[in-house]
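Data block below; observations after.
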Amino acid sequence: MPEGHTLHRLARLHQRRFAGAPVAVSSPQGRFASAAAVVDGQVLTGASVWGKHLFHHYADGPIVHVHLGLYGTFTEWPVTDGAALPEAVGQVRMRMVGAEYGTDLRGPTVCEVVDEARMSDVVAKLGPDPLRSDADPSWAWARIAKSRRPIGALLMDQTVIAGVGNVYRSELLFRHGIDPFRPGRDVSESEFDAAWTDLVALMKVGLRRGKIIAVRPEHDHGAPSYAPGRPRTYVYRRAGEPCRVNGGPIRTTVLEGRNVFWCPTCQT
């Protein structure tokens with residue numbers, strides 16, 4: 001599932017490509033057809049994000065709400081004067097076409113038209129987004145400080161912190177020496193403050209560079225990354241491999257339905 005920085009990158013791209021002019025919105029698949037008709041031909045005024053939720057705002061008030069889920073993706077293509085639009089390939093839920101670019105959305109968990117009240121309801125259920133300037137970490141800390149749930153589960157709970165996925169969760173906890181199974185209430189406020197500051201910095205790097213980079217330069221050597229073309233990680237998808245710091249084996253198990261990775265020596 002895409003993590004929060006990916007959605008913020010999409011919002012910036014859509015703002016740059018489409019905002020300020022009318023866009024043609026359709027649903028080649030048909031599942032979004034009636035909702036697409038509501039915004040078709042309207043001016044897209046901007047795009048915003050909260051956590052893993054993307055919002056397209058239109059001049060007359062409607063908002064397209066997208067959650068990519070596990071399989072959702074946008075693909076982009078240039079618009080050529082006088083040329084026919086490319087044929088929709090696969091199950092394109094929403095197609096948006098501007099003067100110079102078009103984009104197709106496939107496989108989202110959510111793609112719907114909402115109003116401001118409904119958008120507010122969605123956002124009200126989410127924790128602070130580290131990439132938003134209005135993020136209030138004290139709200140997340142208040143939830144964590146009194147919870148018996150493992151901190152590794154709390155970090156993935158979008159009602160606690162919005163936008164964190166499995167990679168950021170595993171890497172952040174390693175960087176701060178925190179066992180993912182430690183109860184939230186056993187994490188000190190100073191540990192949380194340091195982790196939050198680090199999370200904001202890491203996600204800003206992800207936003208700027210388009211990939212999660214969590215390994216410090218002094219550890220960025222040795223064993224390759226978990227997949228071709230991906231940056232090295234400390235623990236994510238490295239089960240059984242040697243820790244980049246102490247050489248001991250990285251472990252993995254399932255925590256509330258998702259695989260978590262950690263070093264039992266470095267993380268206490």
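Positions are given from 1 along the sequence.
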Could you go through Asp193 and Trp141, starting from their C-alpha distance and side-chain angles, then the distance that decides it, and tell me whether this counts as side chain to side chain contact (heavy atoms under 4.5 Å, CB included)? CA-CA 9 Å; Asp193 289 343; Trp141 167 243; 5.8 Å; no
Would you find more than 12 non-hydrogen atoms of other residues, nucleotides or ligands less than 6.0 Å from Arg230 atom CZ? no
So how far is it from Glu171 CD to Tyr236 OH, rounded to the nearest 0.5 Å? 9.5 Å
For Pro150 against Glu256, the heavy-atom pair lying closest together: CD-OE2, 4.3 Å
Glu218 atom CD, neighbour heavy-atom count above 12 within 6.0 Å: yes
Under the 3.5 angstrom rule, does the side chain of Gln91 hit a backbone N or O of Gln29 as a donor-acceptor pair? no
dist Leu70:CG -> Thr109:OG1 (nearest 0.5 Å) comes out at 6.5 Å
Kindly indicate whether the side chain of Ile212, heavy atoms from C-beta on, has any atom under 4.5 Å from the side chain of Leu202. no
Going through the distances and angles, do Leu173 and Leu155 end up as a side chain to side chain contact (heavy atoms under 4.5 Å, CB included)? CA-CA 9 Å; Leu173 291 176; Leu155 287 178; 3.7 Å; yes
Do you know the tightest heavy-atom contact between Asn166 and Met156? N-SD, 3.4 Å
What is the distance from atom CE of Met203 to atom NE2 of His5, rounded to the nearest 0.5 Å? 7.5 Å
Are the side chain of Arg132 and the backbone of Val49 linked by a donor-acceptor contact shorter than 3.5 Å? yes
Other residues, nucleotides and ligands only: do more than 12 of their heavy atoms fall within 6.0 Å of CZ on Arg251? no
Do Phe18 and His56 pass the ring pair (Phe, Tyr, Trp, His ring centres under 6.0 Å) test, and can you show the C-alpha distance, the side-chain angles, and the key distance before you say yes or no? CA-CA 10 Å; Phe18 304 105; His56 286 165; 7.7 Å; no
Cluster overlap Tyr101 with Met96, hydrophobic side-chain contacts below 4.5 Å: yes
With a 4.5 Å cut-off on side-chain heavy-atom distances among I, L, V, M, F, W and Y, is there a chain of contacts connecting Val25 to Val38? yes
Do you know the tightest heavy-atom contact between Val23 and Gly98? CG1-CA, 4.3 Å
Minimum heavy-atom separation for Leu154 to Ser147, with atom names? CD2-OG, 3.6 Å
Student check: side-chain heavy atoms of Ile161 and Pro130 closer than 4.5 Å: yes
Is there a side-chain contact between Cys263 and Val245, using heavy atoms and a 4.5 Å cut-off? no
Indicate, with yes or no, if Phe261 and Leu255 share a hydrophobic cluster defined by side-chain heavy-atom contacts under 4.5 Å among Ile, Leu, Val, Met, Phe, Trp and Tyr. no
Could you work out the complete set of other residues in the hydrophobic cluster of Val114, with links drawn between I, L, V, M, F, W and Y side chains under 4.5 Å apart? Trp50, Phe55, Ile63, Met119, Val122, Val123, Leu126
Would you compute the distance between atom CD of Gln267 and atom OH of Tyr234 and round it to the nearest 0.5 angstrom? 11.5 Å
Heavy-atom side-chain contact between His65 and His53 under 4.5 Å: yes
In terms of heavy-atom contacts, Thr252 and Val260 come closest through OG1-O, 2.9 Å
Which atom of Cys266 lies closest to which atom of Cys243, heavy atoms considered: SG-SG, 3.8 Å
If you count the non-hydrogen atoms of other residues, nucleotides and ligands that lie under 6.0 Å from CZ in Arg216, is the total more than 12? yes
CG on Leu68 to OG1 on Thr6, rounded to 0.5 Å: 8.5 Å
So Val254 and Asn259, side chain to side chain contact (heavy atoms under 4.5 Å, CB included) or not? Walk me through it. CA-CA 4 Å; Val254 175; Asn259 290 334; 3.3 Å; yes
Leu7 with Val164, same ILVMFWY side-chain cluster at under 4.5 Å: no
Going only through I, L, V, M, F, W and Y residues with side-chain contacts under 4.5 Å, is there a path from Leu207 to Leu54? no
Counting only heavy atoms not in Glu76 (residues, nucleotides, ligands), do more than 12 fall under 6.0 Å from its CD? yes
Check the side chains of Arg238 and Thr233 for a donor-acceptor pair under 3.5 angstrom, ignoring hydrogens and angles. no
Could you give the distance from CH2 (Trp262) to CD1 (Ile178), rounded to the nearest 0.5 Å? 15.0 Å
Start with the C-alpha distance between Asp129 and His8, add both sets of side-chain angles, then the distance that settles side chain to side chain contact (heavy atoms under 4.5 Å, CB included), and finish with yes or no. CA-CA 10 Å; Asp129 178 339; His8 281 271; 2.8 Å; yes
Arg95 side chain vs Ser26 backbone, donor-acceptor pair below 3.5 Å: no
